[in-house]
Amino acid sequence: MTTRKTKQLILSLVFGLLYISLSIVYFHPFSHNFEHTIFMPGGDPESFIWFIYWWPYAILHGLNPFITHSVWSPSGDNLTWATSIPTLSLITAPLTIIFGPIFSWNLLSLLAAPLNAFCAFLLLRYLYKNNAAAFIAGYIFGFSSYVMGQLLGHLNLDFVCLIPLAVLIFIMSVRNEINRYYFITIMAIIIFLEAGISTEVLATATLFGFISIIIFLFFEKDLQKEIRYSSIFLVASYLVASILLSPFLYFLIEGFSGVPKVVNSPVIFSSDLLNYIVPTPITRIDGGVFSSISSLFTGNYAEEGAYLGIPLLLVTAFSLRDYIAESRKTGLALVVIFITVVVFSFGPYLHVNGVITNIPMPWTFFAHIPLIREALPTRFTNYASLIVAIIIGFWLSRRESINKKYIATLSSLLFIVPNTSMYNWGSQHVPRIFTEHKLLTGDNVIVLPFGNTGPSMFWQMESGMKFNMVGGYVGFTPLPFRNLQVTSELFSGVPGKSFSDSFKAYCAEFDVKYVVICPGTPNQLSKAVKDEGWDADKYGQCTEYQVPHHMK
């Protein structure tokens with residue numbers, strides 16, 4: 001290795017550590033027990049902890065990891081249609097086995113933003129040959145409002161480091177700086193890994209890449225031949241990745257018929273026009289000042305990640321002016337791509353100040369296309385932040401008025417610093433019925449609170465998966481449970497008039513042996529189960545009811 005390459009490697013490690021240091025400053029991980037205290041405890045994170053545990057557990061026990069019967073037993077659930085993160089679970093499997101899944105969850109969550117930023121740094125340094133410019137612009141992507149929002153509990157969506165790497169490899173191919181076979185291999189690996197992190201991000205990244213290629217083919221006439229060849233190699237990468245993903249794709253196709261037509265509404269989860277300039281509470285500058293506006297945005301804080309802020313948008317505008325002046329074709333192409341992804345983020349209908357207008361947007365077309373229709377439009381803000389990073393990285397790499405540029409950019413970044421009070425650490429109590437008794441072992445059990453209304457997934461994992469759960473929270477409710485009224489009543493905690501008969505039929509159909517009621521179960525539901533008059537035993541704060549044999 002040459003001295004220059006060694007120096008570059010050391011600098012890369014230094015900048016990577018600086019990004020990690022920012023994550024440490026923001027989230028204070030060393031103040032907590034990494035093996036037992038959960039970053040952002042709650043429904044989604046605890047499901048991801050279950051997924052982190054599941055993949056190595058299934059493989060070590062000779063189970064099919066794509067189909068689990070541990071939840072929604074006895075029929076089970078197809079995890080290719082869940083956010084089951086096999087890539088991240090298997091990468092951290094040694095750590096999970098040694099330190100536990102909570103440790104792996106915490107580590108992955110706290111490394112997500114630094115890795116996103118670092119991969120963007122690698123792309124930008126390659127483009128502009130300027131470490132400082134790449135570092136600052138990399139932060140814009142890695143610690144964007146989108147990422148900070150998804151850090152509230154969506155590991156599959158905040159871990160987007162592979163996107164800038166894919167862009168980097170494609171540009172290297174266009175410039176003939178990478179062997180075609182290396183390109184196909186590396187890109188196939190990226191596609192393979194991303195499929196195991198988020199099929200939604202893979203789908204939107206594919207659409208983003210396709211549109212970007214079309215736009216650059218239009219503007220960069222001199223590079224059309226190179227772009228076309230690289231696009232052909234990219235298709236080859238997808239074919240190779242498809243072969244590697246064949247087991248995953250087999251179960252994905254097999255489970256397609258059980259997917260509901262709408263999982264989450266694209267109308268609700270679309271970016272508000274004002275969100276690009278108005279922060280939500282995930283940004284420190286908000287401080288409640290803008291809550292009268294941001295509280296009107298549809299969706300939730302995790303999905304309101306469009307915010308860039310007026311200062312950063314102004315810096316982007318000045319950067320674009322200089323970009324277009326120096327490289328008109330590339331600059332204009334980036335403008336069109338940025339506008340495209342912003343418009344996509346608006347969803348089927350334009351949202352303004354929380355009002356869903358009747359103004360149709362281009363996403364109405366994609367809302368009817370299988371697979372891509374499941375993507376939530378607001379998540380295209382991720383690509384908007386990448387384009388902003390690319391544009392500002394160029395600006396900072398040029399030496400004219402360099403001090404003013406850095407001051408302006410760093411000042412604008414203050415407006416997107418996350419509100420760290422939105423992020424918390426906590427532990428989850430595990431009732432001793434799940435860990436200290438042989439009861440439940442190998443049986444089908446209904447645990448209340450039900451599904452995502454309580455930590456039943458976490459309790460099952462802490463038990464060592466010793467029982468099968470008739471219920472769970474791995475995404476949408478699978479068939480046949482989804483069509484049963486009693487399932488809705490268990491989720492809501494409000495039993496209907498015919499609950500008794502329906503519940504007994506439910507227990508009989510799914511071979512339920514025990515119903516375990518723990519703290520947090522709605523009183524109405526607890527009373528309805530108690531009124532069945534089944535044999536009951538108390539274990540700490542939980543009550544176990546045994547389903548009569550004649551019902552099974």
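What you see is a predicted model; the values in this text were computed from it and never measured. Just so you know, these numbers use all the heavy atoms, side chains as well, and skip hydrogens, waters and symmetry mates.
Of the N and O atoms on the side chains of Tyr383 and Thr204, at least one donor lies less than 3.5 Å from an acceptor on the other residue. A donor atom on one side chain and an acceptor atom on the other are not found under 3.5 Å apart for Ser294 and Thr280. No hydrogens or angles considered: a donor-acceptor pair under 3.5 Å links the side chains of Thr96 and Ser104.
A heavy-atom distance below 4.5 Å is found between the side chains of Asn382 and Phe141. Contact annotation: the side chain of Leu223 never approaches that of Phe216 to less than 4.5 Å [non-hydrogen atoms, C-beta and beyond]. Using a 4.5 Å heavy-atom cutoff, the side chains of Phe143 and Pro114 are in contact. The shortest side-chain heavy-atom distance between Leu386 and Tyr146 does not fall under the 4.5 Å cut-off. In this structure the side chain of His351 never reaches within 4.5 angstrom of the side chain of Phe297, judged on heavy atoms. Residues Ile169 and Tyr182 fail the side-chain proximity criterion, which asks for heavy atoms closer than 4.5 Å. The closest side-chain heavy-atom distance from Thr298 to Asp272 is not below 4.5 Å. Counting heavy atoms from C-beta outward, Trp363 and Val343 have side chains that stay 4.5 Å or more apart.
In this structure Leu252 satisfies the side-chain contact (heavy atoms from CB on, under 4.5 Å) test together with Thr80, Trp81, Phe248, Leu249, sequence neighbours excluded. Residues meeting the side-chain contact (heavy atoms from CB on, under 4.5 Å) test with Thr420, sequence neighbours left out: Tyr26, Arg284. A search for side-chain contact (heavy atoms from CB on, under 4.5 Å) contacts involving Gln8 returns Arg125, not counting sequence neighbours.
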Inset, instruction - Go through the steps for Asp44 and Tyr473 under the test side-chain hydrogen bond (donor to acceptor under 3.5 Å, both in side chains), then give the verdict. - result: CA-CA 8 Å; Asp44 285 344; Tyr473 177 46; 2.5 Å; yes
Legend entry - ring pair (Phe, Tyr, Trp, His ring centres under 6.0 Å) between Phe208 and Phe380, worked out: CA-CA 9 Å; Phe208 168 72; Phe380 274 92; 8.2 Å; no
Inset, instruction - Check the pair Ser271 / Glu304 against side-chain hydrogen bond (donor to acceptor under 3.5 Å, both in side chains), numbers first and verdict last. - result: CA-CA 7 Å; Ser271 297; Glu304 295 166 359; over 6 Å; no
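A salt bridge links Arg379 and Glu303; the closest N-O separation between the charged side-chain nitrogens and carboxylate oxygens is under 4.0 Å.
Remark: side-chain polar atoms of Ser265 are paired, donor with acceptor, to backbone N or O of Ile268 under 3.5 angstrom. A donor-acceptor pair is defined here as one N or O able to donate and one able to accept, closer than 3.5 Å; no such pair exists between the side chain of Thr37 and the backbone of Phe34. Looking at Ser327, its side chain never comes within 3.5 Å of a backbone N or O of Tyr323 through a donor-acceptor pair.
Between Tyr276 and Phe346, the angle of the ring planes goes over 60°, which puts this pair in the perpendicular group of the 30/60° scheme. Under the 30°/60° scheme for interplanar angles, the aromatic rings of Phe39 and Phe27 are found to stand perpendicular. Classification of the Phe366-Phe344 ring pair by plane angle, with boundaries at 30° and 60°, yields perpendicular.
Gly347 and Ser270 get closest at one heavy-atom pair: CA-OG, 3.2 Å. Taking both residues in full, the closest heavy atoms of Glu46 and Gln428 are given as OE2-NE2, 2.8 Å, listed atom of the first, atom of the second, then distance.
Judged by a 6.0 Å distance limit and a 45° cone about the ring axis, Lys225 is not positioned over the six-membered ring of Tyr229.
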